[in-house]
Amino acid sequence: MIDFEDAPSGGGGRARGIFQGHRYQFVEEVEWQVAPPTEARAEITLNTPEDELPGYLQNLNLPQKEAALETHGPVMVLAGAGSGKTRMLTARIAYLIDCLKISPYRILAVTFTNKAAMEMRQRIGKALQHSVAYPDVGTFHSIAVKILRRESQHLPFTQPFVIYDDSDQLSLIRSVLNKLGLDTKKTSPKAVQAFVNRMKCDGVEPHEFQPADFDRSEKQMKEIYGVYQKALVDSNALDFGEILCITYRLFRDQEAVRKRYQSLYQFIHVDEYQDTNRIQYLLLSMLTSRKWGGHENLCVVGDEDQSIYKWRGADIGNILDFENEYPGAKVIKLEQNYRSSQTIIRAASDVIAHNTERKRKTLWTENPEGDPIQRIHVVDERMEAQWVIAEIQRLGREQGYSLNDMAILYRTHAQSRQFEDYLRREKLPYQMIGGVRFYDRKEIKDILAYLKVLINPSDSVSLARIINVPARGIGKTTLEKLEELTHSKEPDAPTTLWGALKTSLDQNTWNARVHNKLSDFLTKIERMRSRMTTELVSDVYHELLEATGYVSELKKEGTVEAESRIENLEELDNLIKEFEDELLRGKTEDECLTLKPQLLGIFLERTSLVSSTDDAMEGSTLKMMTLHGCKGLEFPIVFMVGLEEGLFPSTRPWEEVDEEEMEEERRLCYVGMTRAEQRLYMTHANSRRVWGQFQIHEPSRFLSEIPKELVHQIRLIPQQARSPMAPSSGFSLSGSSGKHPWIGQEIRHPQYGIGSIHQVTGSEGDERVVVRFKSGLEKKFLARFLMGE
DNA sequence: CTGTTCTAGATTTTT
DNA sequence: TCTAGAACAG
C-alpha cells in the first residue's frame, strides 16, 4: 500500500549512497606476472545435471548457461531486454573464480554506470558467499583513471591531476578562445566543445585531424583543439574524453605497460556493449585483440535495439564489427524474456520492428498475457500529471501496489515539473533520478574548486572560479591581467594562473590595494595546502569554510536558497567524513599515514565520475526519470508520458527528420516499454506548454505502431480537468475585476498566502509585479501568470 | 569593483 | 520559462 502519510522526499539528486560498497584499492595487491594458462577446466559442461551444479549456475536457460561456460575466447552475447543478462554475467564471473580458480584480480567487468557496477559487485559477492576479493568492476572512465594514477610516470600529467566535467571544460574552452583573440559570438564555445568531444570519442588527436581543404572553420577548430589540449596539460587536468584517449595512447605506445595490463586483466567483460564508442572499442582491443598480443578472452553483452547513446558517439558498428575483429567469435542470443507480459513484449517488438537497421532477434516470453497497453489521451500537461498521479493512488488503494512498484518515464527532464507539483500536493514521496547532480550545485562546485586548487594549483579553471568567491575585491580586470600574463610568449613566463599570481606578486606589479588582496588570498591557500599533507580532508574542509567566509556570506543572505545551500555544504561534509571513514577503517597507522595525502585526490576523482543517475534508490518512493535514465531498471507498472510528435520522438522543427535519429528515438521507446512487467501506460496530450508557449501536438507515431488489439484507449474530456477535485492552476485573485494588475491589489498564493501588489513594471500585457506577503516576504511575479492566463 | 538589469539561448538524452 | 553570461550603472 502507498503510505500516504510520508512527507515528499523533495527529489533532486541526493548524493547519499553513492559511495556505499565502493572500495578502491590502493595498496597494490596484485603481482604482475602472467598467470599460467588455465587449462584446468572444471568438469562442468552443458550436460552436467542441474543438481550437481553450483547454485549460481542453476536455473539458467540453455543459452545463458552456454554464455556463462564459454569463458575462453571472444564471445558476443546478444541479450534482449529482460533476458537475464546480468544474471548470466554474474554466473559467468562466479564460475571463473569458483570453478576455474581464476584470481578475481584477473577479471575485469566494465559497466555503463557506477550504479550498475555496484550492483554487479553485490551480486557476485552473493553468488560467491564468502569471497574476500572482488574482481575489478567499474565504468570505462573509473577504470581508466585508476590505471592512469598508477602509471602517471608515463604521462604528461603529474600525479594529483584533476578531472574536468563538462562545465569546467567549457570554461577552459572560453579561456582558450579568449587567448586566441576569438570572439565567442562568432565561435561558440559550445560548438568547439562538441567538436573536441567528437574528436575524442573517436580517439583523434589534433595533429591527426584532416580538415577538408577549403573548410576554414574546420582548420580553425583544429587549431583551437590543439591549444585546448595544451591548456589541459598546463592545468594538469583531464576531461572525460581525454581520460579514455590518453589511456588508449598509453597502451598503444608503451608496450611494456600494455603487456602488464593484458596479463592483469585476463578475462574482460563488457556490459551495454551497444553503447560503447570508438575509443572504448580501441581501448578494449589494446587489451584483448590478437593484433596487439592480447588473449581474446573478451565477453561483450549488448542489444542493438537498446542502443540509445549514438549522440554521444556510441557506435553500433562495434557490435556489427565484432566478428570481424575477433574471427571465430562465438555469438549467443538470449531471447527469452523473463520480465514482461506477453502483451508488453508483443507491443514493444512491433514498435522496434519498424527499425530497418537491426539484426534479427525475436524476443519471446512464457509469462501470462497480461493487461492491454493503456493509451491515455489528455488535454494538456497539467491534466496528464493529475491523471497519472490519481491513477497511481488508485492502484495503491485498490490493487495494493506500493509506490516503488511504479515509475514515470519522460523524454526530457523539463517534463518532470508538473508531476512534482502534483506529487507534492498529494504528499506522495517521490524520487527523481537524474536531473541536477548534487556535485553540480553551485555551492558544491565552488567548494570542490577550492579543494581542487589545494591539491593542484595548476588547475586554472578552478582557480579562476574561486579567486573572487566569495567577493574579496579581486575583480574582472585583475583576473584578466593575470590571464594575460599566462599568454605571454616570454621563455620563462608563467603558464598557469597560479604561476602568474605568484610571479606578479614577487615582481610587485600591482598597486598596494590589489597587492594586499592577492597576497592575502595566496597565503590563505598556501596555508591550507601545507595542512593537506598531514591532516584529514574533513578538517581542511572546515578550515576552508571558515577561512574563506563562504558560509558566513551565505548566512548573511538569509534567504531560503542560502539556507539550502548551507545544508548542501553540510551534506558534503558528511560525504567527506563517510568517505574517510570507509578508506581508513581497519588500516594500520602506517597505512593511514601514506593514505592521508592521497585522500583528497581520490575523493575528488569520485565526485567527478559519479553521474546523476547513480543515486541510490530509496525505499518506498515513486521514481521518476528520463527514458535514458531507466536503462537496466524494471517496474511492475510503468507510465510513459508525453508520447507526442515533436516531443517523443523528439524533433527539431527547423531541421529535416533524420532517419537514423528517428530509429534511435524508437529504440528509446523500446527501452522504455520493456521496463514494464505487468502494466504499461502511455499518455499523450493534445497541447502542452513548451518554452512557455502552447503547442498542439499529434500523438506519437510510436503509438500507432502498436497493434490495435493490444491497446485499451482512454480519452479524457476537458471537463474532467476542471472537476472540483482538480486544484486550480496556482493563483487566484480575490475580487479581481480586470485583466491588469494595480498597486494595492490583493493576491492569494497557494504557497505564500495573502499579499498585495507593491510595484508594477513592464509594458502592458507583460507586466511584472512585486508582491508583498503578510509574512513580510517580497516576491516577484509575472502578472500574466498571476492573472490566470 | 559590485550589484543590477538585459539578452540570448536552451530543453534531448550523460560518462 | 528559466538560466547564465554580458553589459551597464553606481
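Below, chain A is the first sequence line, B the second, and so on; all start at residue 1. Heavy atoms only: backbone and side chains are in, while hydrogens, waters and symmetry mates are out.
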Participant: What's the CD-P distance between A/Gln415 and B/dT11, to the nearest Å?
Facilitator: 14 Å
Participant: A/Thr412 has a side chain; which of B/dC1, B/dT15, B/dT12 sits nearest to it?
Facilitator: B/dT12
Participant: Do we count A/Trp311 as stacking onto B/dT13 if the rule is ring centres under 5.5 Å and planes under 30°?
Facilitator: yes
Participant: Heavy atoms under 4.0 Å, any strand shown: does A/Asn468 hit a base, just sugar-phosphate, or nothing?
Facilitator: sugar-phosphate
Participant: Regarding A/Arg312 and the six-membered ring of A/Tyr309, is the cationic atom NZ or CZ under 6.0 Å from the ring centre and inside 45° of its axis?
Facilitator: yes
Participant: Please determine whether side chain to side chain donor-acceptor pair (under 3.5 Å) holds for the pair A/Asp459 and A/Tyr164, giving the CA-CA distance in whole Å, both sets of side-chain angles, and the decisive distance to 0.1 Å.
Facilitator: CA-CA 9 Å; A/Asp459 179 352; A/Tyr164 279 174; 2.3 Å; yes
Participant: Heavy atoms from C-beta onward define the side chain here; which of B/dT15, B/dT11, B/dT2 lies closest to that of A/Ala414?
Facilitator: B/dT11
Participant: What is the separation between atom CD1 on A/Ile173 and atom C1' on C/dG5, rounded to the nearest whole Å?
Facilitator: 16 Å
Participant: If you check every side-chain atom of A/Ser650, which of B/dT15, B/dT13, B/dT12 has the closest atom?
Facilitator: B/dT12
Participant: Given B/dT15, C/dT1, B/dT13, which nucleotide is nearest the side-chain atoms of A/His413?
Facilitator: B/dT13
Participant: Hey, does the side chain of A/Arg411 come within less than 4.0 Å of B/dT13's phosphate (OP1/OP2), counting only N and O?
Facilitator: no
Participant: On DNA chain B, does the nearest nucleotide to A/Ile474 precede the nearest nucleotide to A/Ile308 from the 5' side, or the other way round? Give the residue.
Facilitator: A/Ile474
Participant: In whole angstrom, give the distance that lies between atom CD of A/Glu645 and atom C1' of B/dT12.
Facilitator: 15 Å
Participant: Considering every strand and a 4.0 Å limit on heavy-atom distances, what is the contact class for A/Glu664: base, sugar-phosphate, or nothing?
Facilitator: nothing
Participant: Measure from the side-chain heavy atoms of A/Arg417 and tell me the nearest of C/dC2, B/dT14, B/dC1.
Facilitator: C/dC2
Participant: Round to a whole Å and report the spacing from CD of A/Gln280 to P of B/dT14.
Facilitator: 16 Å
Participant: Would you mind telling me which of B/dT15, B/dT11, C/dG5 lies closest to the side-chain atoms of A/Arg174?
Facilitator: C/dG5
Participant: Taking only the side-chain nitrogens and oxygens of A/Thr113, find out if one of them lies under 4.0 Å from OP1 or OP2 of B/dT14.
Facilitator: no
Participant: Can you measure A/Phe112 atom CZ to B/dT14 atom P for me and round it to whole angstrom units?
Facilitator: 9 Å
Participant: When the nearest nucleotide of DNA chain B is assigned to A/Gly241 and to A/Val514 on a heavy-atom basis, which residue is associated with the more 5' position?
Facilitator: A/Val514
Participant: Has A/Arg149 got its NZ or CZ under 6.0 Å from the middle of the six-membered ring of A/Phe161, at an angle within 45 degrees of the ring axis?
Facilitator: yes
Participant: Just to verify, what does A/Asp165 make a salt bridge (Lys or Arg N to Asp or Glu O under 4.0 Å) with, not counting sequence neighbours?
Facilitator: A/Lys445
Participant: Is there a side-chain contact between A/Asp202 and A/Ile279 (heavy atoms, below 4.5 Å)?
Facilitator: no
Participant: Indicate, with a heavy-atom threshold strictly under 4.0 Å, whether A/Tyr309 touches base, sugar-phosphate, or nothing.
Facilitator: sugar-phosphate
Participant: Return the set of residues passing salt bridge (Lys or Arg N to Asp or Glu O under 4.0 Å) with A/Glu119 (not counting sequence neighbours), or none when no residue passes.
Facilitator: none
Participant: If you only use heavy atoms from C-beta on, which nucleotide in B/dT13, B/dC1, B/dT15 is closest to the side chain of A/Thr626?
Facilitator: B/dT13
Participant: Could you give the CG-to-C1' distance, from A/Leu409 to B/dT13, as a whole number of Å?
Facilitator: 14 Å
Participant: Using the P atoms only, state how far C/dA4 lies from B/dT13, rounded to an integer number of Å.
Facilitator: 15 Å
Participant: Over how many whole Å does the gap from A/Phe240 atom CZ to B/dT13 atom P extend?
Facilitator: 16 Å
Participant: In whole angstrom, what separates A/Lys481's NZ from B/dC1's P?
Facilitator: 8 Å
Participant: Checking all strands, does A/Ser608 fall into the base, sugar-phosphate, or nothing category for heavy-atom contacts under 4.0 angstrom?
Facilitator: nothing
